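No experiment lies behind these values; they were computed from the predicted model shown.
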Amino acid sequence: MTGRGAVRLGAPALVAALLLSGCGTSRSGDLGLAPTAPPPSVAPTDRPEPTPTRAAAPTPRATNRPPGPSTTASTGTHRLDPVTVELWYVRAGLLVPTRRTRPGTVATSRLALTELAAGPTPAEAATGMITLLPAGVEVTRIADGMATLRVPSVGDPATQRLREAQVVWTLTQFPSVRQVRLDDAAPVDRADYADLLPPIVVTGPIPGERVSAPLVVTGTATVFEATVSVRVLDAAGRQVATGFGTASCGSGCRGGYRVVVGWRTVREQKGTVEVYEVSAENGERIHTMAVPVVLAPRD
């Protein structure tokens, strides 16, 4: 370069000047602009990512929608786990329980009342179980531990009370329901219908269940000295096992019991599990609850 004030630069100095003039600007090339800061992270949601599965496509991020069947990108619908509900039917004018396992649902109270109105299975009906609840009864609201609904009335007060007791004992199995308001009346709970329970209640096994040894028999009882006895009969009515246990509460109060019994059978056959109290007066079996089952051979 020539002219006044011009400074002649040699080749090395010229290269250094060009390099220094590029400082402070973004670099470019075949890989594009170099980032000057890490990329922004994805905004967090209210719920964590679901546990990874073996699905071919990634599981969608959880949302704030109510629980229910969800759809993945390529594997179809993910179903809820099956749900087991306890149903309280009527037997000889008293409340007795059984169970149902059905496809998963978030509307468990509706499922329970629908199953309750549908009535007992043939095995349950063979023991004398019936239902007094008509179809179509549904909970209208659940809030603050209170379930509200209307139960159609019948002319007989005793029958009406049993019908209400079926509903109350069935609904209060759920943690979200502590009390029930029926037809705008005062709230009630299980204690209001406790007198409708037999001295011995069997919660397991249920009628028609296939059982194997060792068998765990469970329930509640209010019996003399809290002693609950169990025996198992085969298809011919022969006694194949006996046992006894103590309820968690003695005479005059109801407590839970758990009795384990075992047997040896050579073939699968119908049988009966009897749970009873031994009379303190004459040693006879009283307050017997008989549960028909299928006895599986012991391995």
Any link between Leu94 and Leu87 through a network of hydrophobic side chains (Ile, Leu, Val, Met, Phe, Trp, Tyr) touching at under 4.5 Å? no
The ring-ring contact (aromatic ring centres under 6.0 Å, His included) partners of Trp263 (sequence neighbours excluded) come to none
So the disulfide bond (SG atoms under 2.5 Å apart) pairs with at least one residue in residues 79-114 (sequence neighbours excluded) are none
Quick one, Thr114 and Arg102 - any side-chain contact, counting heavy atoms below 4.5 Å? no
In the structure I gave you, are the side-chain heavy atoms of Leu295 and Val211 within less than 4.5 Å of one another anywhere? yes
Distance in Å, Asp192 CG paired with Gln179 CD, rounded so as to fall on 0.5 Å steps: 8.5 Å
In this structure, are over 12 heavy atoms from other groups packed under 6.0 Å from Arg99 atom CZ? yes
Kindly list each side-chain donor-acceptor pair under 3.5 angstrom involving residues 117-130, sequence neighbours excluded, with atom names and distances?
from	atom 1	to	atom 2	distance (Å)
Thr121	OG1	Glu124	N	3.2
Thr121	OG1	Glu124	OE1	3.4
Glu124	OE1	Arg100	NH1	3.3
Glu124	OE1	Arg100	NH2	2.8
Glu124	OE1	Thr121	N	2.8
Glu124	OE2	Thr98	OG1	2.6
Glu124	OE2	Arg100	NH1	2.7
Thr127	OG1	Glu124	O	2.6

Determine whether a donor-acceptor pair (N or O, by modelled atom type, separation under 3.5 Å) exists between the side chain of Ser248 and the backbone of Gly256. yes
Hey, could you give me each pair passing disulfide bond (SG atoms under 2.5 Å apart) that has a residue in residues 101-143? Not counting sequence neighbours. none
Nearest heavy-atom pair of Gly262 and Ala213: which atoms, and what distance? CA-CB, 3.9 Å
Passes side chain to side chain contact (heavy atoms under 4.5 Å, CB included), Trp88 versus Leu197? Steps please. CA-CA 10 Å; Trp88 287 83; Leu197 297 178; 3.7 Å; yes
With hydrophobic residues grouped by side-chain heavy-atom distances under 4.5 Å, do Ile206 and Leu215 end up in a single group? no
Are Val137 and Val180 connected in a single hydrophobic cluster, I mean Ile/Leu/Val/Met/Phe/Trp/Tyr linked by side-chain heavy atoms less than 4.5 Å apart? yes
Heavy-atom nearest pair, Leu95 first then Trp169, reads CD1-CD1, 3.8 Å
Which pair of non-hydrogen atoms, one from Leu162 and one from Gly93, has the smallest distance, and what is that distance? CD2-O, 3.6 Å
Where do Ser109 and Ile142 come nearest, in terms of heavy atoms and distance? OG-CD1, 4.1 Å
Of all pairs that satisfy disulfide bond (SG atoms under 2.5 Å apart), the ones with a partner from residues 174-269, not counting sequence neighbours: Cys249-Cys253
For Asp189 and Arg178: C-alpha separation, side-chain torsions, deciding distance, then whether side chain to side chain contact (heavy atoms under 4.5 Å, CB included) applies. CA-CA 7 Å; Asp189 58 23; Arg178 298 186 301 273; over 6 Å; no
Flag side-chain contact, heavy atom, 4.5 Å: Val85 against Leu111: yes
Between Val216 and Arg258, is there a side-chain heavy-atom distance shorter than 4.5 Å? yes
In one Ile/Leu/Val/Met/Phe/Trp/Tyr side-chain cluster, 4.5 Å: Leu171, Val83: yes
Does the side chain to side chain contact (heavy atoms under 4.5 Å, CB included) test come out yes or no for Met289 and Val96, once each step is laid out? CA-CA 10 Å; Met289 296 297 291; Val96 291; 3.7 Å; yes
Could you report the tightest heavy-atom contact between Ile200 and Tyr257, atom names first, then the distance? CG2-OH, 4.0 Å
Side-chain (Ser176) to main-chain (Phe174) donor-acceptor, under 3.5 angstrom: no
Taking Thr131 as the fixed residue, which of Glu115, Gln166, Arg163 is the one that meets the side chain to side chain donor-acceptor pair (under 3.5 Å) rule? Gln166
d(His287 NE2, Phe224 CZ) to nearest 0.5 Å is 13.0 Å
Tested for side chain to side chain contact (heavy atoms under 4.5 Å, CB included) against Val228, the lone hit among Val223, Val278, Thr246, Val202 is Val223
Does Tyr89 reach the side chain of Leu116, with side-chain heavy atoms less than 4.5 Å apart? yes
Is the backbone N or O of Ala235 less than 3.5 Å from a side-chain atom of Gln269, with the two atoms forming a donor-acceptor pair by type? yes
Using a 3.5 Å cut-off and no angle test, enumerate the donor-acceptor pairs between side-chain atoms of residues 143-157 and protein atoms at least two apart in sequence or in another chain.
from	atom 1	to	atom 2	distance (Å)
Arg150	NH2	Asp184	OD2	2.9
Asp156	OD2	Thr159	N	3.2
Asp156	OD2	Thr159	OG1	2.8

Quick one: closest heavy-atom pair of Thr203 and Pro97, and the distance? CG2-CG, 4.1 Å
Would you indicate whether the side-chain heavy atoms of Gln173 and Arg190 approach each other to under 4.5 Å? yes
Quick one: CZ on Arg285 to OG on Ser279, what's the gap to the nearest 0.5 Å? 12.0 Å
Do Val273 and Tyr276 belong to the same hydrophobic cluster, where Ile, Leu, Val, Met, Phe, Trp and Tyr are linked whenever their side-chain heavy atoms lie under 4.5 Å apart, directly or via other members? no
Answer yes or no: is there a side-chain heavy-atom contact under 4.5 Å between Val139 and Leu113? yes
Main-chain N/O of Val201 paired with Thr220 side-chain donor or acceptor, under 3.5 Å: no
